[in-house]
There are 2 protein chains.
Amino acid sequence: MSYHSSAPRPPVQGAPPLATELRARGLRLTSQRQRVLAAVAALEHGTPEEIGARLRADAGPGGAAPDTSTVYRTLELLERLGLVWHTHLGKGAPIYHAGQQHRHVHVACQSCGEISSVDPTVLDSAAERLAAELGFTLDVGHVALSGTCRTCAEKENA
Amino acid sequence: MSYHSSAPRPPVQGAPPLATELRARGLRLTSQRQRVLAAVAALEHGTPEEIGARLRADAGPGGAAPDTSTVYRTLELLERLGLVWHTHLGKGAPIYHAGQQHRHVHVACQSCGEISSVDPTVLDSAAERLAAELGFTLDVGHVALSGTCRTCAEKENA
DNA sequence: CTCGTTGCAAAGGATTTGCACAAGT
DNA sequence: ACTTGTGCAAATCCTTTGCAACGAG
């Protein structure tokens with residue numbers, strides 16, 4: 001990938017990684033790309049569909065939002081650039097999130113569908129074991145854990 | 001490992017859970033249900049599509065395999081009955097496996113798509129932390145971990 | 001001006017659904 | 001016989017693609 005000079009820089013602006021990454025590859029900075037990235041960041045977690053909806057909302061009545069196909073193409077691009085990340089939870093529902101910072105693990109409740117982000121270190125020991133026993137490199141960013149959240153578990157017990 | 005299609009004989013032992021579970025709910029034991037369950041068990045891991053293919057293969061040239069829609073409906077039913085289990089790996093690819101045995105965790109390689117089963121205890125510490133910190137009950141059976149297997153990792157380094 | 005990009009529309013693949021007929025009990 | 005199940009086909013959903021017009025560099 002590219003190089004980072006000094007300390008890991010949090011989500012500060014000033015030199016948007018988007019423009020930089022694009023320019024570095026001879027790609028173009030378009031309003032669509034900026035808007036899609038902004039939408040992904042704004043929604044904590046979003047499916048392509050939800051992202052599209054958000055864009056349509058942001059555009060308002062008069063304005064035009066990026067086309068669905070553009071949303072898909074852009075998400076794919078942004079992911080290649082390392083600016084967004086996606087996970088698969090239930091069925092055909094890829095969840096995108098801005099991944100500029102450190103990765104986090106997603107946990108989804110099967111009952112209510114709520115998604116929480118948890119510290120990636122919860123999987124450290126699992127990753128170690130997989131590496132040691134299988135030579136398997138766990139990709140923490142793509143992992144989605146499912147189960148039942150506290151609230152739903154209590155409901156079921158009631 | 002094929003059986004003759006003309007002999008509608010439940011290839012199972014004394015008290016097949018399938019028949020029992022069905023009867024207990026006033027549902028019917030059909031050859032399709034038996035065959036779908038057998039196919040899931042035969043394939044270690046299978047998508048609905050693969051299961052359908054297997055059924056077609058088992059049926060042979062002359063015989064008729066259960067319809068695709070029946071496969072879907074049956075998988076859903078079998079899961080409700082607790083006889084099969086499914087996980088989501090990559091995109092819209094639900095993976096079914098017979099759940100009569102003890103649960104195992106699936107690990108899928110993003111490059112070659114190979115799926116391995118690993119000991120569920122790899123997630124024990126993760127499960128404990130999630131329970132302690134969030135009150136979240138991890139459902140080990142539905143978890144699919146993704147990453148890169150040893151073979152593919154070596155290829156990439158080459 | 002030159003290509004990378006986008007919008008539109010049509011193509012695809014994977015599930016699901018409505019129904020009339022076949023089949024288990 | 002009474003109902004549940006199944007096959008078929010059409011309907012959906014979600015995503016991808018082909019192509020001509022558009023716009024960033």
Side-chain angles (χ1 to χ4, degrees), chain A residues 16 18-37 39-40 46-56 59 62-81 84 86-96, chain B residues 5-6 8-10 16 18-37 39 46-56 59 62-81 83-84 86-96 113:
Chain A
L18 176 56
T20 311
E21 291 290 341
L22 288 172
R23 212 168 295 135
R25 311 180 192 217
L27 301 177
R28 291 167 188 174
L29 178 60
T30 64
S31 84
Q32 286 88 335
R33 286 170 180 176
Q34 295 176 121
R35 289 195 277 162
V36 170
L37 180 53
V40 174
T47 62
E49 189 182 62
E50 291 166 338
I51 292 165
R54 171 60 174 251
L55 289 167
R56 253 166 268 127
D67 186 76
T68 306
S69 62
T70 299
V71 172
Y72 279 97
R73 287 188 282 227
T74 303
L75 287 172
E76 195 190 323
L77 170 68
L78 293 176
E79 187 155 32
R80 275 203 303 280
L81 299 183
V84 303
H86 86 277
T87 326
H88 290 285
L89 296 177
K91 307 219 32 153
I95 305 291
Y96 284 84
Chain B
S5 50
S6 56
R9 187 171 316 296
L18 176 56
T20 311
E21 291 291 337
L22 288 171
R23 212 166 295 137
R25 308 178 194 221
L27 300 177
R28 293 167 187 175
L29 177 62
T30 66
S31 85
Q32 287 89 332
R33 287 170 178 177
Q34 295 175 128
R35 290 196 276 164
V36 170
L37 179 55
T47 61
E49 189 183 63
E50 292 167 338
I51 292 165
R54 169 60 175 249
L55 289 167
R56 255 166 267 126
D67 187 75
T68 305
S69 62
T70 299
V71 172
Y72 280 97
R73 287 188 281 226
T74 303
L75 287 171
E76 196 189 322
L77 170 67
L78 292 176
E79 189 156 30
R80 274 203 305 280
L81 299 184
L83 299 175
V84 303
H86 86 277
T87 327
H88 290 285
L89 297 178
K91 308 217 33 154
I95 305 291
Y96 284 85

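Naming convention: chains lettered A, B, ... in sequence-line order (proteins, then strands); numbering from 1 in each chain. Predicted model, so just to flag it, every value in this text is computed and none were measured.
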Problem set entry | Distance in Å, B:Arg25 CZ paired with B:Leu81 CG, rounded so as to fall on 0.5 Å steps | 5.0 Å

Seminar exercise, completed: In terms of heavy-atom contacts, B:Ile51 and B:Tyr96 come closest through CD1-CB, 4.0 Å

Exercise. Is there side-chain contact between A:Leu18 and A:Leu78, with heavy atoms separated by less than 4.5 Å?
Worked result: yes

Problem set entry | Nearest-Å distance for atom pair NE2/C1', residues A:His88 and D:dC14 | 13 Å

Problem set entry | N or O in side chain of B:Gln32 less than 4.0 angstrom from C:dG24 OP1/OP2 | no

Exercise. Can you check whether B:Tyr72 has a side-chain N or O nearer than 4.0 Å to OP1 or OP2 of C:dT15?
Worked result: yes

For this session: Please determine, for the side chain of B:Arg33, which listed nucleotide (D:dT6, C:dT6, D:dT15) has the closest atom?
Result: D:dT6

For this session: Assign each of B:Arg23 and B:Glu76 to its nearest nucleotide of DNA chain C by heavy atoms, then name whichever residue's nucleotide is nearer the 5' end.
Result: B:Glu76

For this session: Please report the closest heavy-atom contact between A:Arg28 and A:Leu22, naming both atoms and the distance.
Result: O-CD1, 3.5 Å

Exercise. To the nearest Å, how far apart are B:Leu75 CG and D:dG5 P?
Worked result: 15 Å

Exercise. Taking atom C1' of C:dT15 as reference, at what distance in whole Å does atom CG of B:Leu77 sit?
Worked result: 17 Å

Problem set entry | A:Tyr72 side, atom OH; A:Asp67 side, atom CG - distance, nearest 0.5 Å | 11.0 Å

Scan nucleotides 8-11 of chain C against the protein and return all N/O pairs shorter than 3.5 Å with their distances rounded to 0.1 Å.
from: C:dC8; atom 1: N4; to: A:Ser69; atom 2: OG; distance (Å): 3.3

For this session: Using a cut-off of 6.0 Å, state whether more than 12 heavy atoms not belonging to A:Gln34 lie near its atom CD.
Result: yes

For this session: When you get a sec, tell me which of C:dT25, D:dT15, D:dG7 is the closest nucleotide to the side chain of B:Leu29?
Result: C:dT25

Exercise. B:Leu81 CG to D:dT4 P: how many Å, rounded?
Worked result: 16 Å

Exercise. Of the non-hydrogen atoms in A:Val71 and A:Gly52, which two are nearest, and what is the gap between them?
Worked result: CG2-CA, 4.5 Å

Problem set entry | salt_bridge(B:Glu76, B:Arg80) N-O dist < 4.0 Å | yes

Exercise. Roughly, in whole Å, what's the span from CG in A:Leu22 to P in D:dG23?
Worked result: 18 Å

Extract from the structure each pairing of a protein N or O with an N or O of nucleotides 20-23 of chain C at less than 3.5 Å, listing the distance.
none

Exercise. Got a second to check how far B:Thr68's OG1 is from B:Arg56's CZ, nearest 0.5 Å?
Worked result: 5.5 Å

Exercise. Rounded to whole angstrom units, what separation is found between the CZ atom of A:Arg25 and the P atom of C:dT5?
Worked result: 12 Å

For this session: Starting from C1' on C:dT15, measure out to CD on B:Glu50 and report it in whole angstrom.
Result: 16 Å

For this session: Measure from OH on A:Tyr96 to P on D:dC14 and round the result to the nearest Å.
Result: 14 Å

